[in-house]
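Here is the structure we will look at.
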Amino acid sequence: MGKLFDTEKEKLIAVCIAGIDEYTQTGYIDTLTELVDKVGYEVIFFTTFSSTCMSDHFLDGEMNIFSLINYRLLDGLVIFAETIKDSAVVHTIVASANAAGVPVVSVDHPMDGCYNIVFDYKDAMERLVRHMAQEHSFRRIEYIGGIPGNPASQERLDVFYKVMEENGQTVAPSQIHYGYFWSGPTEKVMDEILSRPRQEMPDAVVCANDAMALVVCKKLRDAGLRVPEDVAVTGFDGIQEASYHSPKLTTAKMEAEVVSTKIFEILTELFTCGEAEKTHLLPFTMIFSESSGCYSALDDTTKNTIVQALYTKIDENHFMTNRMVMMMAELSACSTVADVRGCLKAFIPNMVAWKSWLCIVDDYLKDCPKVEDIVNHTEQKNGYTGRMNCMLRRDGWEYEENIEFSKDGILPDLKKDLQLCGKILIVPLHVLERTIGYFAVSYATGMIEFHQMQNFVNTLSSELAAVKVRLEQKTMVEKFKNQSIHDALTGILNRRGFFEKLKDSYGNSMESGRKFALISLDMDGLKYINDNFGHGEGDIAIRFTADALTRACGVEFFCARTGGDEFMAAGVVGEEAAKTFEERLQKEFDDYNAATGHLYRVGFSMGMMYENVAQGLPAAEFIRMADERMYVQKAEHRKRKEYQGRSQ
């Protein structure tokens, strides 16, 4: 019985593969997808768009997708280790699978603890060199290898020496070159070869991969030499461009269908018998074509079909680029998480997949993030949070939003969705090494163009990160604005905040004809408290006064601390609220003084103006009259010195 499913037949296979926008990897995904339906398994592809030309920070963010794998759910795992490049990640995946008792099939990268599929590079290279030396009888064949000392590069070079010697040809040092598997070094090699006299030019050039062979063809053509009439060329790997190139390239290709078939043969044998051969050697398909003088039967019509297909892809990519620019523009206008969801509903269908899941790390996007979370939060770098949020789950034209689920489940309802669609492909969302989440789609051959998906995913990652920054900036701006109009000690409005609010309230009173109340209040004896009991006690008295004033104001008034011991309150209020204000406030003070037992009393002096606001009367005049009334009361309180409190 499977680990996720209830029947013996149903099995869940994880496939780990990187660089899925490349032709070879796309072939593996498509053939595995086609074959999985025949064997009746379900598969999850854990994938990235990474390649060796990316920055280390970017690669770190990509590799996090492999930390999402829950080995307890799997019946088998397939790893294309050569595509992943990061040996630490590869060994972690294999070790984790082994620890969970999950059989691992490793493709093109023999490893302990795996059932290994290896490619017969040696045989393929031998057949290519033998073809040039024997079938075409070229006498001066030169070789452009990969990286000096690299095992794969050295193996192919050794084969070249071997075949040449078997055919009675001694290889001189001048016939061996290194293009490092890349175009730049290969161009330098060709510049050196082409600088020789014509009689010293090679009859043929054997290259260790197709990328270098294509550069060789171009440099020869630029120099006025014909391929293969003047110089024949071979490659190795069978990349897509080799079949588009004119002349078509002689090369060796590992057929994705052959590899995928062998993968499922091994897994099926393991599931049914419990054991299988540890190593499986697969042969390359040889493609003897135009660049070596083996002319292809393909005619111009086929070439025209290829050109038309390329132009179709160009048009599709142009459309997708425009859509991504539009998505960026729409997302840049979003001010809430709901806006983001609404925007994405218009653009996610461009990915064609009928089912998709946009999953982000817990609390990544919040409309009103807390300041302390913004300041103290360290963004995810090494994987995903234990709780994840499926921000959008698409099923046809239906959407579900904001689904909380455990990372261990990978998706909110993984078992049900796999039984419905059978194949799910997951790619990471990140900005450099910082994890955002992942995007998952139901997969079927031909439904998704990976270059377009890469464009979408990269744009989505960047824009979600930008939305997060805007939401956090909004919170911080509001925080700073709030601080600028509030008193730090008491939390109520400060002088600036009071006068901002007074402007609107005073104007409303003038327009409506309703009476306006303005209260000027000073604490009594704050200096006495500070001098005799310390500024800490003075601060306690100030905070109490602010709290008492706030309670007395209720919802009709607003209040502020406008100076050290100075407070104000105002509002468009009814007669009863105005008349009873001082009484309510005095009770607050009396109750406090009775309860504390301090050797001082906290008191206040106040003056109130409660009048209709005459048209054109400045608020400053209203304040001046309230101040005058407060000072009259304060003079009386100062004489009595009631703030000195109880006798000792």
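All residue numbers in this chain count up from 1 along the given sequence. The shown structure was predicted, so the numbers you read here are calculated from the model rather than taken from an experiment.
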Could you tell me whether Phe236 and Phe284 have their ring centroids closer than 6.0 angstrom?
-> yes
Value rounded to 0.5 Å, distance of CG in Leu128 from SG in Cys207 | 10.5 Å
For Ser292 and Thr250 the tightest heavy-atom approach is OG-OG1, 2.6 Å
The single option from Val102, Ile44, Leu74 passing side chain to side chain contact (heavy atoms under 4.5 Å, CB included) against Ile69 = Leu74
May I ask you to test the Tyr41-Thr268 pair for a side-chain heavy-atom distance under 4.5 Å?
-> yes
State yes or no: are the ring centers of Phe450 and Tyr443 separated by less than 6.0 Å?
-> yes
Any chance CD of Glu257 has more than 12 other-residue heavy atoms, nucleotides or ligands included, within less than 6.0 Å?
-> no
Decide if atom NZ of Lys345 counts as having more than 12 heavy atoms of other residues, nucleotides or ligands within a radius under 6.0 Å.
-> yes
Which heavy atom of Ala81 sits nearest a heavy atom of Val90, and at what distance?
-> CB-CG1, 3.8 Å
Do the non-hydrogen side-chain atoms of Ser106 and Val94 ever get within less than 4.5 Å of each other?
-> no
What pair of heavy atoms forms the shortest contact from Lys248 to Glu290, and how long is it?
-> N-OE1, 2.7 Å
Just by modelled atom types, is the Ala242 backbone N or O under 3.5 Å from a matching donor or acceptor in the Asp210 side chain?
-> no
Carboxylate-amine/guanidinium proximity below 4.0 Å for Asp408 and Arg72 = yes
Give a yes or no on this: more than 12 heavy atoms of other residues, nucleotides or ligands lie within 6.0 Å of atom NZ of Lys218.
-> no
So do Tyr384 and Ile65 actually touch side chain to side chain, heavy atoms under 4.5 Å?
-> yes
Compare all side-chain heavy atoms of Ile426 with those of Phe439 and state whether any distance is below 4.5 angstrom.
-> no
Indicate the atoms forming the closest heavy-atom contact of Ser260 with Thr31, along with that distance.
-> OG-OG1, 2.6 Å
Arg394 charged N/C atom sitting above Trp357 aromatic ring, 6.0 Å / 45° = no
Check: Arg221 and Val227 side chains under 4.5 Å, non-hydrogen atoms | no
Over all heavy atoms of both residues, which pair between Gly238 and Thr251 is shortest? Give the atoms and the distance, please.
-> N-OG1, 3.3 Å
Would Val89 and Cys16 satisfy side-chain contact (heavy atoms from CB on, under 4.5 Å), going step by step from the backbone distance to the final call?
-> CA-CA 11 Å; Val89 171; Cys16 301; over 6 Å; no
State whether the side chain of Ser332 and the backbone N or O of Ala329 hold a donor-acceptor pair below 3.5 Å, judged by distance alone.
-> yes
Are Asp339 and Thr336 close enough that a side-chain donor and a side-chain acceptor fall under 3.5 Å?
-> yes
Close side-chain approach of Leu420 and Trp354, heavy atoms under 4.5 Å | no
For Asp362 and Asn389, does a side-chain donor sit closer than 3.5 Å to a side-chain acceptor?
-> no
Should we say atom CD of Glu398 is surrounded by more than 12 heavy atoms from elsewhere, each under 6.0 Å from it?
-> no
Considering only heavy atoms from C-beta outward, does the side chain of Val104 approach that of Ile93 to under 4.5 Å?
-> no
For Thr385 and Tyr364, what are the C-alpha separation, side-chain angles and deciding distance, and is it a side chain to side chain donor-acceptor pair (under 3.5 Å)?
-> CA-CA 10 Å; Thr385 49; Tyr364 185 79; over 6 Å; no
Would you say Glu241 has more than 12 foreign heavy atoms packed within less than 6.0 Å of its CD?
-> no
Under 3.5 Å: donor-acceptor pair, side chain of Ser461, backbone of Leu429 = no
Between CE of Met328 and OG of Ser462, what distance do you get to the nearest 0.5 Å?
-> 7.5 Å
Going by distance alone, is a donor N or O of one side chain under 3.5 Å from an acceptor N or O of the other, for Tyr121 and Asp108?
-> yes
Specify the closest pair of heavy atoms between Asn70 and Ile410, including all atoms of both residues, with the distance to one decimal.
-> N-CD1, 4.2 Å
So, Glu10 and Lys415, do they make that salt bridge, N to O below 4.0 Å?
-> no
N-O pairing of Arg387 and Asp363 below 4.0 Å = no
Flag side-chain contact, heavy atom, 4.5 Å: Val36 against Phe264 | yes
